[in-house]
2 protein chains.
Amino acid sequence: MARTPRNTLNAELIVRTALRLMESKGTDAFSLRGVAAELGVGPMALYTYFRNKDELYDAVRDHLMSLLPGVPADVPWPDQVRSVCRSLRLLMLQHPCLAQLLSGRPLSGHETARVAEGLLGVLRSAGFGPEQAARTHTTLFTYVLGSTSWEIQMAAERRDPEAWRRLRATMESLSAREFPSVVELAPELARTTGGDEQFDYGLDLLLAGLRTPS
Amino acid sequence: MARTPRNTLNAELIVRTALRLMESKGTDAFSLRGVAAELGVGPMALYTYFRNKDELYDAVRDHLMSLLPGVPADVPWPDQVRSVCRSLRLLMLQHPCLAQLLSGRPLSGHETARVAEGLLGVLRSAGFGPEQAARTHTTLFTYVLGSTSWEIQMAAERRDPEAWRRLRATMESLSAREFPSVVELAPELARTTGGDEQFDYGLDLLLAGLRTPS
DNA sequence: ACCTGAACACCGTTCAAGT
DNA sequence: ACCTGAACACCGTTCAAGT
């Protein structure tokens, strides 16, 4: 093995490699040693650029959030809100690890600054007061986070034939006495556990609530 | 060390011990070996009751979800919906690991059956059609999941003085040119990242949307 | 500064064995 | 069946060292 020459590593390269491994092997299977091996260096080489694994997680999350597109101008504010929310959802769907990085880990503080700025700017321009703008932003953001996390988990289940079979079997074995509505609405539930339509349904519900006098 | 006598172990005891460790040492720090040590047995003793770590995770999650209270009768349906959603949020706040167990792991299929049954029953009785009931249920559930996950993460940040200091510093260092609205509304954002009021604000937004003609 | 290599204290899990 | 003990293939991270 030729010794790795100097300065072949840098933070961005490590982040890109980490991201690639997370998306191919799953967020949990990801390891520092795996990234190092992929880069052809010893595990300790990464510690020059990140103090520990958490810092690398943070860097991956920040990098992904930086990919968020801006807010479209020249459209009514509800469409601007829709655009920001849909963009965040799409980013999470394209990078499933992002959901876990956002909801299950310590926060650095600026990872949501861009989506917050987008939503708050739109809401303030639409005439919302400071408090209501802040509350509405948090509501919208957490709705996107929850619905998309759930959607991703369900999609993962669907991809694994064994897991999907088990899940269907469990649903079908539910007692019709104990869970009459779940059993009756099983087909509808299966259709509404993800997808653009379901996401927009909830989003429109929130927007409809916003337009009623408060 | 006296040898552990036979039949001292059982699935429920293991689940309770695992839950206790998860809540004291954090969901991530939790380990099979830790549970075994706490119970005074070798790591392999647990494999008699659970095929692997994932099965133990599932058992803990199912146990927690079984603690959900029922739906109150004799109140208007919007209050019934509020009750189910608030109960789920409270359960997640009391057991912070539940959020991660629900959103970041494979699903067995019946963990959400009770909350689904509660919501679907209420919505169907209120006159919603099958499709709209299913869509509304998924919207409500994922809102609770997302908002409470976020709230838990923020609360964890607040408890750790070092993390909280870093987060405040990051927020204050945000450029007022790049993020004018975030900087301007920083106090409001800090106040609306959790709490009963914030949760109810989003919940009422959804309920308000539901009452407009669809 | 940038990277290596050995070492430490952990993991989950398999396997063979005991009762 | 219920539990043990040794072993395997992993982890993240520290430490001392090389350039």
Side-chain angles (χ1 to χ4, degrees), chain A residues 1-22 24-61 97 100-101 104-106 108 160 162-163, chain B residues 1-22 24-61 97 100-101 104-106 108 160 162-163:
Chain A
M1 271 295 121
R3 175 148 355 145
T4 306
R6 298 298 177 99
N7 299 325
T8 47
L9 250 43
N10 60 70
E12 200 201 323
L13 178 64
I14 295 173
V15 167
R16 280 211 320 269
T17 307
L19 180 57
R20 188 153 40 83
L21 283 181
M22 276 177 159
S24 67
K25 309 206 305 170
T27 315
D28 295 340
F30 163 84
S31 72
L32 282 183
R33 289 176 113 105
V35 176
E38 184 79 9
L39 289 166
V41 298
M44 291 316 299
L46 308 182
Y47 282 74
T48 304
Y49 303 90
F50 301 97
R51 268 209 298 255
N52 51 40
K53 198 183 185 185
D54 275 334
E55 272 201 5
L56 179 51
Y57 275 135
D58 289 349
V60 171
R61 182 192 53 198
C97 58
Q100 281 179 260
L101 291 176
R105 297 210 45 267
S108 63
D160 181 355
E162 168 61 16
Chain B
M1 271 292 121
R3 175 150 351 146
T4 306
R6 297 297 176 97
N7 298 326
T8 47
L9 248 45
N10 60 69
E12 200 201 323
L13 178 63
I14 295 172
V15 167
R16 281 212 318 270
T17 308
L19 180 57
R20 188 154 40 84
L21 283 181
M22 276 177 159
S24 67
K25 306 205 308 170
T27 315
D28 294 339
F30 163 85
S31 73
L32 283 184
R33 290 177 113 105
V35 176
E38 185 79 9
L39 289 165
V41 298
M44 291 314 300
L46 307 182
Y47 282 75
T48 304
Y49 304 91
F50 301 96
R51 268 210 298 255
N52 50 40
K53 198 183 185 186
D54 275 334
E55 273 201 6
L56 180 51
Y57 276 135
D58 290 348
V60 171
R61 182 191 52 197
C97 57
Q100 280 180 259
L101 291 176
R105 298 211 41 267
S108 62
D160 180 356
E162 168 59 17

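Here is the naming used below: chain letters follow the sequence lines, and residue numbers restart at 1 for every chain. Given the structure is predicted, the values throughout are model-derived calculations rather than measurements.
- Residues A:Leu19 and A:Cys97 come closest through the heavy atom pair CD1-SG, 4.0 Å.
- A:Gln100 and A:Arg105 get closest at one heavy-atom pair: O-CG, 4.0 Å.
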Practice prompt. Walk me through it: do A:Asp58 and A:Arg61 pass the test side-chain contact (heavy atoms from CB on, under 4.5 Å)?
Written response: CA-CA 5 Å; A:Asp58 289 349; A:Arg61 182 192 53 198; 3.2 Å; yes
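- For the pair B:Val35 and B:Phe50, the minimum side-chain heavy-atom distance is 4.5 Å or more.
- Taking a pair as Watson-Crick or G-U wobble with both distances under 3.5 Å, DNA chain C forms stems of 3 or more consecutive pairs at C:4-8 with D:12-16, C:12-16 with D:4-8.
- If you take CZ of A:Phe30 and C1' of D:dG12, they are 11 Å apart, rounded to a whole angstrom.
- Every pair tested for side chain to side chain donor-acceptor pair (under 3.5 Å) that includes a residue from residues 40-50 of chain A fails, sequence neighbours excluded, so the list is empty.
- B:Leu9 and B:Ala45 make their closest contact through CD2-CB, 3.8 Å (heavy atoms, listed as atom of the first residue, atom of the second, distance).
- When rounded to the nearest whole Å, the span between CD of A:Glu55 and C1' of D:dT13 equals 14 Å.
- Going from atom CG of B:Leu9 over to atom P of D:dT4 covers 8 Å, rounded to whole Å.
- Regarding A:Lys25, its NZ atom lies at a distance of 12 Å from the C1' atom of D:dC11, rounded to whole Å.
- Atom CD1 of B:Ile14 is separated from atom C1' of D:dC2 by 11 Å (rounded to the nearest Å).
- A donor-acceptor pair under 3.5 Å is formed between the side chain of B:Asn52 and the backbone N or O of B:Glu55.
- Look at CG on B:Leu56: it is 14 Å from P on C:dC11, rounded to the nearest Å.
- Residues from residues 44-53 of chain A lying near DNA chain D, meaning a heavy-atom separation below 4.0 Å, are A:Met44, A:Tyr47, A:Asn52, A:Lys53 in numerical order.
- Between B:Phe30 and B:Leu56, the closest side-chain pair of non-hydrogen atoms falls below 4.5 Å.
- Straight-line distance from the CZ atom of A:Arg33 to the C1' atom of C:dA6: 11 Å, rounded to whole Å.
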